[in-house]
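All remarks here apply to the structure that follows.
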Amino acid sequence: MSHRKLDSLDKKIIELILKDARIPFLEVARECNVSGAAIHQRIQKLTNLGILKGSQYVVDAEKIGYETCAYIGLFLKDPERFDEVIEALRKIPEVVECHYTTGGFDMFIKIYAYNNHHLLTVIHDKLQPLGLSRSETIISFHEAFNRPVSLLDIPGEEDDEEG
């Protein structure tokens, strides 16, 4: 995977919009001491490079009735069906994340369910038919924190000039 080095302006812009995705570009420009057009161009560049991936509202799953959050390690009977299983998982609305992993699991997913009974139904009726040899479920009691990736220690273009 390739990565891009960010300069100090890129980092400052990203820090500001991570704190508040709805911050006006002109406010970002004032904070960064550059023009609004410069901010617009930088955000467009960061988006085109795939560093910024849109913006979205975050819904509190528990407040809309999803009381159970679970992480499930999946073991496939036939690991060659990865792509097929991924596409099937995309169609299950309760599955909100899916990761390829190292270690014992073939895949690791995150699910929101209304309650434990609903979770059991999802596992039995929606996951097992995908060709699982077995699964391991971990239920989360409470999300202690969730934050975006830190920009503090990543090397930037300025670091290359110093070295």
Side-chain angles (χ1 to χ4, degrees), residues 1 3-4 6 10-29 31 39-40 42-154:
M1 280 188 236
H3 65 277
R4 303 282 179 176
L6 304 175
D10 290 332
K11 289 179 183 179
K12 179 82 173 174
I13 292 167
I14 293 170
E15 286 173 8
L16 289 167
I17 64 176
L18 283 177
K19 288 179 191 168
D20 179 6
R22 298 173 66 179
I23 188 172
F25 283 3
L26 287 177
E27 190 172 330
V28 174
E31 290 279 334
I39 295 301
H40 188 272
R42 286 292 183 114
I43 288 179
Q44 190 63 47
K45 176 190 84 167
L46 293 167
T47 301
N48 291 342
L49 290 171
I51 294 169
L52 295 178
K53 296 181 177 184
S55 60
Q56 60 189 6
Y57 288 100
V58 177
V59 174
D60 185 324
E62 191 173 353
K63 286 192 169 50
I64 62 168
Y66 291 98
E67 295 180 2
T68 301
C69 173
Y71 297 87
I72 304 176
L74 304 178
F75 299 86
L76 302 180
K77 288 179 188 172
D78 182 5
E80 291 180 8
R81 293 187 56 226
F82 259 165
D83 294 338
E84 193 179 319
V85 172
I86 293 292
E87 287 310 308
L89 288 169
R90 286 184 201 279
K91 295 175 184 170
I92 301 172
E94 294 88 353
V95 177
V96 296
E97 290 182 26
C98 178
H99 301 267
Y100 294 107
T101 62
T102 61
F105 305 126
D106 292 315
M107 292 180 215
F108 198 70
I109 63 173
K110 180 178 181 181
I111 287 185
Y112 283 111
Y114 299 123
N115 52 40
N116 289 348
H117 180 72
H118 180 213
L119 175 63
L120 177 62
T121 301
V122 170
I123 292 169
H124 184 267
D125 296 349
K126 296 181 180 182
L127 296 180
Q128 287 300 330
L130 300 179
L132 303 184
S133 60
R134 67 187 185 95
S135 63
E136 288 184 18
T137 303
I138 300 167
I139 293 178
S140 170
F141 289 128
H142 176 71
E143 181 179 272
F145 66 88
N146 181 340
R147 63 179 170 211
V149 66
S150 171
L151 302 178
L152 296 177
D153 295 326
I154 62 168

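Taking each heavy atom of Ala88 and Leu130 in turn, the nearest pair found is CB-CD2, 3.3 Å. Between Gly131 and Arg81, the shortest heavy-atom distance links the atoms CA-NH1, 3.8 Å. Thr137 approaches Ala70 most closely through the heavy-atom pair CG2-CB, 4.0 Å. Closest approach of Gln128 to Ser135, counting heavy atoms only: NE2-OG, 4.1 Å.
Between Asp106 and Val85, the closest side-chain pair of non-hydrogen atoms is not below 4.5 Å. No side-chain heavy atom of Ile111 sits under 4.5 Å from any side-chain heavy atom of Ile92. Side-chain contact between Val58 and Asn146: absent, with no pair of heavy atoms (C-beta onward) separated by less than 4.5 Å. Contact of the Ile14 side chain with the Ile51 side chain is registered, since non-hydrogen atoms from C-beta on lie closer than 4.5 Å. Within the 4.5 Å cutoff, no side-chain heavy atoms of Leu16 are placed close to those of Asp20. Residues Met107 and Ile86 meet the side-chain proximity criterion, which asks for heavy atoms closer than 4.5 Å.
The distance from the CD atom of Glu136 to the CZ atom of Phe108 is 9.5 Å, given to the nearest 0.5 Å. Atom CD1 of Ile13 sits about 13.0 Å away from atom NZ of Lys11, to the nearest 0.5 Å. Of the inter-residue distances, the one linking Asn48 atom CG with Ile43 atom CD1 reads 12.0 Å to the nearest 0.5 angstrom. With rounding to the nearest 0.5 angstrom, the CG atom of Leu132 is 10.0 Å from the CZ atom of Phe75. Atoms CD and CD, from Glu31 and Glu15 in turn, are 11.0 Å apart once rounded to the nearest 0.5 Å. With rounding to the nearest 0.5 angstrom, the CG atom of Leu18 is 11.0 Å from the CD1 atom of Ile23.
Applying the salt bridge (Lys or Arg N to Asp or Glu O under 4.0 Å) definition to pairs two or more places apart or across chains, none involves residues 70-80. Within the structure, the salt bridge (Lys or Arg N to Asp or Glu O under 4.0 Å) test picks out the following pairs touching residues 114-126 (sequence neighbours left out): Glu94-Lys126.
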Verdict with supporting geometry, Leu89 and Leu74, side chain to side chain contact (heavy atoms under 4.5 Å, CB included): CA-CA 11 Å; Leu89 288 169; Leu74 304 178; 4.2 Å; yes
Criterion side chain to side chain contact (heavy atoms under 4.5 Å, CB included) on Glu84 and Glu87, from CA distance to verdict: CA-CA 5 Å; Glu84 193 179 319; Glu87 287 310 308; over 6 Å; no
Would you sort out whether Leu6 and Leu46 count as a side chain to side chain contact (heavy atoms under 4.5 Å, CB included), showing the intermediate values? CA-CA 9 Å; Leu6 304 175; Leu46 293 167; 4.0 Å; yes
Step-by-step side chain to side chain contact (heavy atoms under 4.5 Å, CB included) determination, Ile17 to Leu52: CA-CA 10 Å; Ile17 64 176; Leu52 295 178; 3.7 Å; yes
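Put simply, the side chain of Ser140 never gets that close to the backbone of Cys69: no donor and acceptor are under 3.5 Å apart.
Considering only residues two or more places apart in sequence or on other chains, Glu27 meets the side chain to side chain donor-acceptor pair (under 3.5 Å) condition with none of them. Residues satisfying the side chain to side chain donor-acceptor pair (under 3.5 Å) criterion with His99, sequence neighbours excluded, are Glu97. In terms of the side chain to side chain donor-acceptor pair (under 3.5 Å) criterion, Lys12 has no residue partners (sequence neighbours excluded).
The local environment of OH in Tyr100 is crowded, with over 12 non-hydrogen atoms from other residues, nucleotides or ligands closer than 6.0 Å.
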Indicate every side-chain donor-acceptor pair of residues 60-68 with a distance under 3.5 Å to a residue at least two apart or in another chain.
from: Asp60; atom 1: OD1; to: Glu62; atom 2: N; distance (Å): 3.1
from: Asp60; atom 1: OD1; to: Lys63; atom 2: N; distance (Å): 3.3
from: Thr68; atom 1: OG1; to: Asn116; atom 2: N; distance (Å): 3.4
from: Thr68; atom 1: OG1; to: Asn116; atom 2: OD1; distance (Å): 3.2

